[in-house]
Amino acid sequence: MVMKNQHPKIRSCDIIPLPAFRDNYIWLLRRDGAAAVVDPGDADVVDAALRQHGLRLDAILITHHHADHIGGVAELVQRHAPAVYGPADGNIPFVTHPVREGDQIALEALDIRFDVLEVPGHTATHIAYLAPWILFPGDTLFSGGCGRLLGGTASQLHESLQRLARLPGETRVYCAHEYTLANLDFARQSEPENAERERVRKECELLRAAGRPTLPTTIEREREINPFLRTHVDGVLRAVSAHAGTRPHNAGECFAALRAWKDVF
Ligand SMILES: [Zn+2]
């Protein structure tokens, strides 16, 4: 399935979801014969798509070191010798272009530039890639949820998510997992009253029933439905207080309690 970017401010590069493993998406960007992939956990999935669409792999963008995001990098490097962008992290081999906060990546053949954002929390060295109206957040932000703490702290993840929440609302968010419906189950517990979330949920149920991704989402949508971006909202504070048996003193404490609650949900 090919999603054309309909947004008037987005140039016409296609972004295609490649389902991998049980619930990962490897996002493939293509323009003319050129392609880049984000977090290729599985090389065969990427190769099949390259063959199907007649593409040459120019670049790999890596957000963090987990195996389901980098497992295919070695084989893809061997087969295609692409440029490999990623955080300077000893756990990530084959990076030809280590990048950090403030760096800009120009993928000339795709006619697109990304800013690198450091968004620690899920891991300590996690980064995200941002182009105008396009965000690849890796496992930092999901639709209706966020990544677990597997190396970073709750306060880091909270800050990273708040930063992403301040991006322009129409920014499309290409999350790395199809977790939306499960996340919205938890969201229902952590903010019982949210009509917009229930509306989105119905839409996502139909998409999944048709075998289609619920992604990309948008920053605007996530601000409205994602409890992890809503720890300042009274309904979330009340639910977290009731669950934890004590009222958090601020949004940061609320976030930490919410993340801990989700871990055992
Ligand atoms: Zn991860």
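Worth knowing before you read on, the calculation uses all heavy atoms, side chains too, and leaves out hydrogens, waters and symmetry mates. Each ligand, and each atom within it, is numbered from 1 in the order the structure gives.
- Of all protein atoms, those of element N, O or S that lie under 2.8 Å from the Zn ion (ligand 1) number 4.
- Residue pairs meeting the salt bridge (Lys or Arg N to Asp or Glu O under 4.0 Å) criterion with at least one partner in residues 113-140, sequence neighbours excluded, are absent.
- Of the charged side-chain nitrogens involved, none lies within less than 4.0 Å of a carboxylate oxygen, so that Glu198 and Lys202 do not count as a salt-bridged pair.
- No side-chain N or O of His97 forms a donor-acceptor pair with one of Asp103 less than 3.5 Å apart.
- With Glu203 as reference, Arg221 is the one residue of Arg197, Arg221, Arg212 to meet the salt bridge (charged side-chain N to carboxylate O under 4.0 Å, His left out) rule.
- Remark: of the listed residues His64, His126, Arg163, His126 is the sole one forming a side-chain hydrogen bond (donor to acceptor under 3.5 Å, both in side chains) with Thr140.
- Note on ring orientation: taking the six-membered ring where Trp is involved, the planes of Trp261 and Phe186 are perpendicular (angle over 60°, cut-offs 30° and 60°).
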